[in-house]
Structure formats: C-alpha cells, structure tokens
Amino acid sequence: MSADRHLRALELPVVEAARMLVGCTIAHGECSGVIVETEAYHDSEPACHAFIGLTPRTKTLFEAPGIAYVYRSYGIHALLNVVVEPEGVGAAVLIRALEPLTGLDTMRARRGLDRPTDLCSGPGKLTQALGIWLDLNETPLLGGPIRLGPPPPDRPEPAAVVGPRIGITRAVDLPWRFCVAGNRNVSRPWPPGLMAAALGQGQGTG
DNA sequence: CATGGGATTGACT
DNA sequence: GTCAATCCCATGC
C-alpha cells in the first residue's frame, strides 16, 4: 500500500507528486529523515526556475523523472528538489523539511546544533544536515547517493496540509506547499486557518 | 563584460 | 522585525 508511495509519486503531475512525497524518506549516507514539507514547481508558472526555458542552469529540471535537482540559493545554501514529469517538462518538488530519522549525531555535528527540530526544519538546513551539496545535482534518487524511499512501515499515513509557497515573489497564490499536519519540523508555521485544520488531525503541537 | 536578483538562514534589536 | 552573507546565471550594453 505505502511501500511504493515514492515510486508512484515520480509518475504523477508535479503538484500531486509533491503531496505524495510527504511521508516518504530521503537518505544520504547514514543520515535519513521523513519528508514533512514539500513545494511543487512547474515551468508553466514564473516562480519555477524552468519558466525561462532550457538553459545550463535549468537543464536538470527538464530531464527524466527520478533525479535530484540541487542548486545554490542566495549564494550560500544548497536546495534539494525531486525532478518529476516526463523528459522535456521542467518540473520538480522542492524538499523543504524533514523529520530526522537516523544519523542524528552526524546531523548535529554538521549543523552545530542539538535540538532535533532545528536540524532539518528548512530547505537549506536539511541539505547541510544530510551532507547534500551541488555536486549531487543530476544524480539518480533510486540507486544513487541520495536515496528516495517509502514511508517508514510503522507510521500512520500522514495528514497533509496545503498552503501557499514560501519565499517567492511570483505566482504567490498557488497553493502548492504541503506539510504534515502538526509536525514541528516544518520550516515555518502555516496561516491560522490552516493551523486549525492541522490541529483537527489530532496531532497536538504541545 | 557589468549588473541584478534569488525556492534562505542566523544574528541581532 | 530587520539585515547581511555570497555566487551562479540571465540579461543588457
């Protein structure tokens, strides 16, 4: 049932893929985590890098699904995306936050922090915690150094909350961000109305 | 060839 | 809440 959730996600349109990837796992080396926040980007809308077309920078986005698009943000951070949709379409799911699962000590050392909710609670934070950098751009997510996997078997199906994307200036109205309801590892709290919906899922925020 | 902007974070007020 | 750090690449002259 959920054992192939990550595989099914790679076959879907990007917005559905973003929702489907919430709850799946990402691993690099000994470190891994459950995806708790994603955003969809598609070449049909101006917030996506691929909106401008095929360039050296956006080339990865137009390749076949199932590879990583890793790019530098604000000159400092590396951000990890899952490329989806058929070759020739520029679309990817930004991985915005993880709930740390394994390799916590390594994550703490890389991040220089202790609190688990600070380790992977942002797109730049999780790449630092997992040791993912720009050299892993275009590498496969199945059978490559970065491993995309199904949800941990002991977990209930996550309740995803939808909202607008973060940190962009164009196409800000598209509700293409997905979070696990009530999870404290998400990068930023969502609006009050959505928070109420999240609390309704029975996962108290403490 | 020079310039401007960005899918962010952490430190400081 | 505000702000600097830092660099690839698209754009324009």
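Letters go in sequence order (proteins before strands), and every chain restarts at 1. Quick note: numbers below take in every heavy atom, side chains included, and nothing from hydrogens, waters or symmetry partners.
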- Message: Give me the distance, rounded to whole Å, that separates dT11(C) from dA7(B) when you measure between the P atoms they each carry.
- Response: 14 Å
- Query: Thinking salt bridges, do Glu37(A) and Arg188(A) make one under a 4.0 Å N-O criterion?
  - Reply: no
- Rounded to the nearest 0.5 Å, the CZ atom of Arg72(A) sits from the CH2 atom of Trp133(A) at a distance of 8.0 Å
Over how many whole Å does the gap from [X] atom [atom1] to [N] atom [atom2] extend?
X	N	atom1	atom2	value
Arg170(A)	dA10(C)	CZ	C1'	13 Å
Asn137(A)	dC9(C)	CG	P	10 Å
Asp135(A)	dC8(C)	CG	C1'	16 Å
Arg72(A)	dG6(B)	CZ	C1'	13 Å

Picking from [options], what satisfies side-chain contact (heavy atoms from CB on, under 4.5 Å) with [X]?
X	options	answer
Tyr69(A)	Leu94(A), Val93(A), Val82(A), Leu61(A)	Leu61(A)
Ile26(A)	Val34(A), Leu21(A), Leu130(A)	Leu130(A)
Ile95(A)	Thr127(A), Leu126(A), Val36(A), Asn81(A)	Leu126(A)
Phe62(A)	Val83(A), Thr55(A), Asp43(A)	Asp43(A)

- Looking at side-chain heavy atoms only, is the closest gap between Thr60(A) and Val70(A) below 4.5 Å? no
- Query: If we ignore angles and hydrogens, is there a donor and acceptor under 3.5 Å between the side chains of Arg110(A) and Gln128(A)?
  - Reply: no
- Item | Secondary structure string for DNA chain B (Watson-Crick or G-U under 3.5 angstrom, | for other-strand pairs) | ||||||.|||||.
- Query: With the sugar-phosphate defined as primed atoms, P, OP1 and OP2, and the base as all remaining atoms, what B/S/- string results for nucleotides 7-13 of chain B, 5' to 3', for protein heavy atoms under 4.0 Å?
  - Reply: BBSS---
